[in-house]
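The first residue in the sequence is number 1, and the count goes up from there.
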Amino acid sequence: MKVKTPAIGGICQSTQGRDKGKYYLIKAIYTDGTVGVVDGNFKKLVSPKRKNLKHLHLLPEKAEVIAAKLEEGRQVFDTEVYSALKTYNNPQLNNTEDGKE
């Protein structure tokens, strides 16, 4: 299912640019058709990357806890964002953890 409207806290994947294939969390929505995205590692919350919506694939998943904090104006840490996106950006880590148990 393709999501058409971005939401704060939503998860998206870059489809264009040098970061193609990378997953991000939407931090801000701008009026000019772009969004501010963060990954908690290279793109921190203090300086979100501005991406055009045409260059993103919006996923139906959403980081509910982080979204609630962002909308309420509470502090969110980069480690929270990184942890929420870890299974998307590093799928091999998820597979190795399952094999150990």
Side-chain angles (χ1 to χ4, degrees):
M1 177 175 105
K2 178 144 167 85
V3 180
K4 296 189 189 234
T5 56
I8 291 180
I11 297 173
C12 59
Q13 184 181 25
S14 174
T15 59
Q16 297 290 315
R18 101 175 50 163
D19 62 346
K20 182 179 180 179
K22 189 165 173 120
Y23 290 90
Y24 291 103
L25 186 111
I26 298 172
K27 181 187 181 230
I29 302 168
Y30 305 114
T31 57
D32 63 350
T34 60
V35 292
V37 294
V38 294
D39 68 355
N41 190 18
F42 298 109
K43 278 294 160 192
K44 308 279 185 173
L45 287 160
V46 294
S47 61
K49 180 179 180 91
R50 193 169 215 147
K51 288 286 275 184
N52 192 323
L53 279 173
K54 291 187 232 175
H55 301 160
L56 292 174
H57 172 70
L58 302 175
L59 301 176
E61 290 89 11
K62 186 175 179 181
E64 299 291 340
V65 175
I66 297 172
K69 283 185 174 184
L70 286 171
E71 289 171 358
E72 293 171 8
R74 296 187 355 226
Q75 186 173 14
V76 179
F77 296 99
D78 288 313
T79 54
E80 292 176 90
V81 175
Y82 182 76
S83 296
L85 295 174
K86 191 187 307 184
T87 58
Y88 295 98
N89 282 324
N90 300 320
Q92 69 275 9
L93 290 178
N94 195 24
N95 293 338
T96 57
E97 289 174 1
D98 292 339
K100 291 181 182 177
E101 293 178 18

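Nearest heavy-atom pair, Ile26 versus Pro6, reported as atom, atom and distance to 0.1 Å: CD1-CB, 3.9 Å. Scanning both residues, Lys62 and Gly9, for their nearest heavy atoms gives CG-O, 3.5 Å.
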**OP:** Apply the test side chain to side chain contact (heavy atoms under 4.5 Å, CB included) to residues Ile11 and Leu85: give CA-CA distance (whole Å), side-chain angles for both, the deciding distance (0.1 Å), then the verdict.
**Re:** CA-CA 8 Å; Ile11 297 173; Leu85 295 174; 4.0 Å; yes
Original post:
Would Lys69 and Glu80 satisfy side chain to side chain contact (heavy atoms under 4.5 Å, CB included), going step by step from the backbone distance to the final call?
Top reply: CA-CA 11 Å; Lys69 283 185 174 184; Glu80 292 176 90; 2.8 Å; yes
Original post:
Checking side chain to side chain contact (heavy atoms under 4.5 Å, CB included) for the pair Val37/Leu25: CA distance, chi angles, key distance, verdict?
Top reply: CA-CA 5 Å; Val37 294; Leu25 186 111; over 6 Å; no
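When each of His55, Lys22, Lys51 is checked for a side-chain hydrogen bond (donor to acceptor under 3.5 Å, both in side chains) with Ser14, only Lys51 meets the rule.
Side-chain contact between Val81 and Val76 is present, with at least one heavy-atom pair separated by less than 4.5 Å.
Rounded to the nearest 0.5 angstrom, Asp39 CG and Asp78 CG are separated by 8.5 Å.
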Under 3.5 Å, which donor-acceptor pairs link side chains of residues 40-50 to any protein atom two or more places apart or in another chain?
from, atom 1, to, atom 2, distance (Å)
Lys44, NZ, Asn41, O, 3.4
Arg50, NE, Thr34, OG1, 3.1

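Listed by chain and residue number, Ala68, Arg74 satisfy the side chain to side chain contact (heavy atoms under 4.5 Å, CB included) test with Glu72 (two or more places apart in sequence, or in another chain). Under the side chain to side chain donor-acceptor pair (under 3.5 Å) criterion, Arg18 pairs with no residue, sequence neighbours left out. With sequence neighbours left out, Ile8 forms a side chain to side chain contact (heavy atoms under 4.5 Å, CB included) with Ile29, Leu70, Glu71. The salt bridge (Lys or Arg N to Asp or Glu O under 4.0 Å) check on Lys27 picks up nothing, with sequence neighbours excluded.
Contacts classified as ring pair (Phe, Tyr, Trp, His ring centres under 6.0 Å) and involving residues 14-38 (residues at least two apart or in different chains) are given here: Tyr23-Tyr88.
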